[in-house]
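Note sheet for the following structure.
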Protein chains: 2
Amino acid sequence: MAVERDIFGEVKQIFTAYLENRGLRKTPERFAILEEIYSKDGHFDVDSLYISMKNKNYRVSRATVYNSLDLLMECDLVSKHQFGQNLAQYEKSYGFKQHDHLICTDCHKVVEFCDPRIQNIQTTVGDLLKFKVLHHSLILYAACKDNNCQNKKS
Amino acid sequence: MAVERDIFGEVKQIFTAYLENRGLRKTPERFAILEEIYSKDGHFDVDSLYISMKNKNYRVSRATVYNSLDLLMECDLVSKHQFGQNLAQYEKSYGFKQHDHLICTDCHKVVEFCDPRIQNIQTTVGDLLKFKVLHHSLILYAACKDNNCQNKKS
DNA sequence: CTCGGTGCAAAGCTTTTGCATCCGC
DNA sequence: GCGGATGCAAAAGCTTTGCACCGAG
């Protein structure tokens, strides 16, 4: 039987190392936020994260949530998406398969997909333009072919 | 000698047809905004468009600018980008080569590039997920290899 | 003990909305 | 003349900032 991977343990270690390297403090709030994020599935926005911590009677402020998310993004434990609306969406990003997003133009549902060819594009374009590509964001905007969509127009 | 293409004439025709089909009014403001956009190069945000029209003593409101941009996006004459910051960037999109963007993580400069393979990805993923992909947004985040960047860290 | 980090609330900015007026059709 | 569109300003919504206090190192 395969050994169960302790994702949260690994993530905590990475974050700790990051904070130490940068000479930042290992505050309980920062780890509580990290834990909350890795206990969730799918995308979330700042306010839903803040609210869910408040609901657990954890004393945090939005400012700290924003601050911690910035740190977590810098060490690639969390990624941020701007899905067109003016509300940033976040997502845990360690230990999960790299993926991109397709958004339904009818109901705004977000579907994840993987396509390894994006890596090739990244490499080619980076070489061509003399840039070292660190990460990317690919969003496909698409309409349901079959009428699964509730918000389907006409 | 090749005939000079009248991009703005074509664009105006497309917009007119769109407004007529949808039963919308062909107001002078809408066409003035379209003209202003097609006289500009590169990316712009709502406020810079609004300000530049104000500077020409044109009487418009931000509300109308937002409204018109929505219409122009619907008929694919303008595209909208969310480059990570919380300020939407727009760009004229008719008669110009389809392209994507690379953003320098040091100085936030935006570089355009073309890669036809993105079309293949769009097609494959669309077929796989049973969606009709209408358009996409690909952003590469990258660091300058050579030190062209003024904001280069360390 | 220091000073980075936090909570709280206020301020900042972009975008949306309400309403009286205007004008395309 | 009707009803959609506009201008203006106020409101809304997300994010940042200022400041006093707290607590990690």
Side-chain angles (χ1 to χ4, degrees), chain A residues 12 15-36 43-75 78 80-91 108, chain B residues 12 15-36 43-75 78 80-91 108:
Chain A
K12 206 152 55 177
F15 194 35
T16 303
Y18 172 78
L19 292 176
E20 284 173 354
N21 286 338
R22 291 267 318 258
L24 300 172
R25 290 184 184 168
K26 299 186 278 278
T27 67
E29 288 83 0
R30 288 175 175 167
F31 285 93
I33 290 168
L34 178 62
E35 182 152 18
E36 182 64 28
H43 305 106
F44 60 90
D45 58 64
V46 172
D47 220 54
S48 72
L49 179 61
Y50 170 74
I51 297 292
S52 69
M53 294 190 76
K54 278 291 186 189
N55 286 345
K56 291 175 182 169
N57 291 315
Y58 200 95
R59 192 167 179 272
V60 266
S61 66
R62 282 189 180 78
T64 301
V65 172
Y66 278 103
N67 168 29
S68 300
L69 281 171
D70 283 344
L71 297 176
L72 291 170
M73 282 192 294
E74 274 187 62
C75 52
V78 168
K80 178 181 181 177
H81 306 291
Q82 288 285 162
F83 289 147
Q85 314 85 356
N86 303 314
L87 179 55
Q89 299 280 121
Y90 296 82
E91 182 178 32
H108 303 108
Chain B
K12 205 152 56 178
F15 194 36
T16 302
Y18 172 78
L19 293 175
E20 285 174 353
N21 285 338
R22 291 266 320 257
L24 300 171
R25 291 184 182 166
K26 299 187 278 275
T27 67
E29 287 83 1
R30 287 175 176 169
F31 285 93
I33 290 168
L34 178 62
E35 182 153 16
E36 181 65 27
H43 305 106
F44 61 90
D45 59 64
V46 172
D47 221 54
S48 72
L49 180 61
Y50 170 73
I51 297 294
S52 69
M53 294 190 76
K54 279 291 186 190
N55 286 344
K56 293 177 181 169
N57 290 314
Y58 200 96
R59 192 166 178 272
V60 265
S61 66
R62 282 190 181 76
T64 302
V65 172
Y66 278 103
N67 168 30
S68 300
L69 282 171
D70 283 345
L71 297 177
L72 291 169
M73 282 193 293
E74 274 188 61
C75 51
V78 168
K80 179 181 182 177
H81 307 291
Q82 288 284 163
F83 289 147
Q85 314 85 357
N86 302 313
L87 177 56
Q89 298 281 120
Y90 295 82
E91 182 177 34
H108 304 109

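Throughout, protein chains are lettered first and strands after them, A, B, ... in sequence-line order, and every chain is numbered starting at 1.
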Problem - Along DNA chain C (nearest heavy atom to each residue), the more 5'-positioned of B:Asp45 and A:Val60 - result: A:Val60
Can I get a per-line list of side-chain donor-acceptor pairs under 3.5 Å for residues 24-33 of chain A, giving both atom names and the distance, sequence neighbours left out?
unit_1, atom_1, unit_2, atom_2, d
A:Lys26, NZ, A:Glu20, OE2, 2.9
A:Thr27, OG1, A:Arg30, N, 3.3
A:Arg30, NH1, A:Arg25, O, 2.8

Exercise for the section: Only counting residues at least two apart or in another chain, list the ones meeting salt bridge (Lys or Arg N to Asp or Glu O under 4.0 Å) with A:Arg59. Expected result: none
Problem - Side chain to side chain, B:Leu87 and B:Gln89, heavy atoms closer than 4.5 Å - result: yes
Practice task
Extract, from 5' to 3' on DNA chain C, the first and final nucleotides lying under 4.0 angstrom from some heavy atom of chain A.
Solution key: C:dC3 to C:dT15
Exercise for the section: Please report the shortest heavy-atom distance between B:Phe15 and B:Leu71, naming the atom on each side. Expected result: CE1-CB, 4.2 Å
Handout entry: Residues in side-chain hydrogen bond (donor to acceptor under 3.5 Å, both in side chains) contact with B:Gln82, at least two apart in sequence or another chain
Key = none
Handout entry: Spatial distance of atom CG (A:Leu34) from atom CD (A:Glu36) [nearest 0.5 Å]
Key = 10.5 Å
Handout entry: Approximate separation, where rounding is to 0.5 Å, of A:Tyr50 OH and A:Asn55 CG
Key = 10.0 Å
Exercise for the section: Would you please name every residue forming a side-chain hydrogen bond (donor to acceptor under 3.5 Å, both in side chains) with B:Asp47, sequence neighbours left out? Expected result: B:Arg62
Handout entry: Listed partners of B:Ser48 passing side-chain hydrogen bond (donor to acceptor under 3.5 Å, both in side chains), at least two apart
Key = none
Problem - B:Leu19 CG to D:dG4 C1', straight-line distance once rounded to whole Å - result: 12 Å
Fill in the blank from the handout: B:Glu91 meets the side-chain hydrogen bond (donor to acceptor under 3.5 Å, both in side chains) criterion, sequence neighbours left out, with B:His43, B:His81, B:His99
Handout entry: Selection residues 81-90 of chain B - residue pairs positive for salt bridge (charged side-chain N to carboxylate O under 4.0 Å, His left out), sequence neighbours left out
Key = none
Practice task
Enumerate the residues from residues 63-71 of chain A whose closest heavy atom to DNA chain C is under 4.0 Å, giving them by residue number; use none for an empty result.
Solution key: A:Ala63, A:Thr64, A:Asn67
Exercise for the section: Report, as a single string ordered 5' to 3', how protein heavy atoms within less than 4.0 Å touch nucleotides 20-25 of chain D: B base, S sugar-phosphate only, - not at all. Expected result: ---BBS
Exercise for the section: Quantify the bending of the helix from C:dC1-D:dG25 to C:dC25-D:dG1 as the angle between its end axes, each fitted on five pairs, to 10°. Expected result: 40°
Handout entry: Heavy-atom donor-acceptor pair, A:Ser52 side chain to A:Leu49 backbone, under 3.5 Å
Key = yes
Handout entry: Residue pair A:Met73 / A:Tyr90, side-chain heavy-atom distance below 4.5 Å
Key = yes
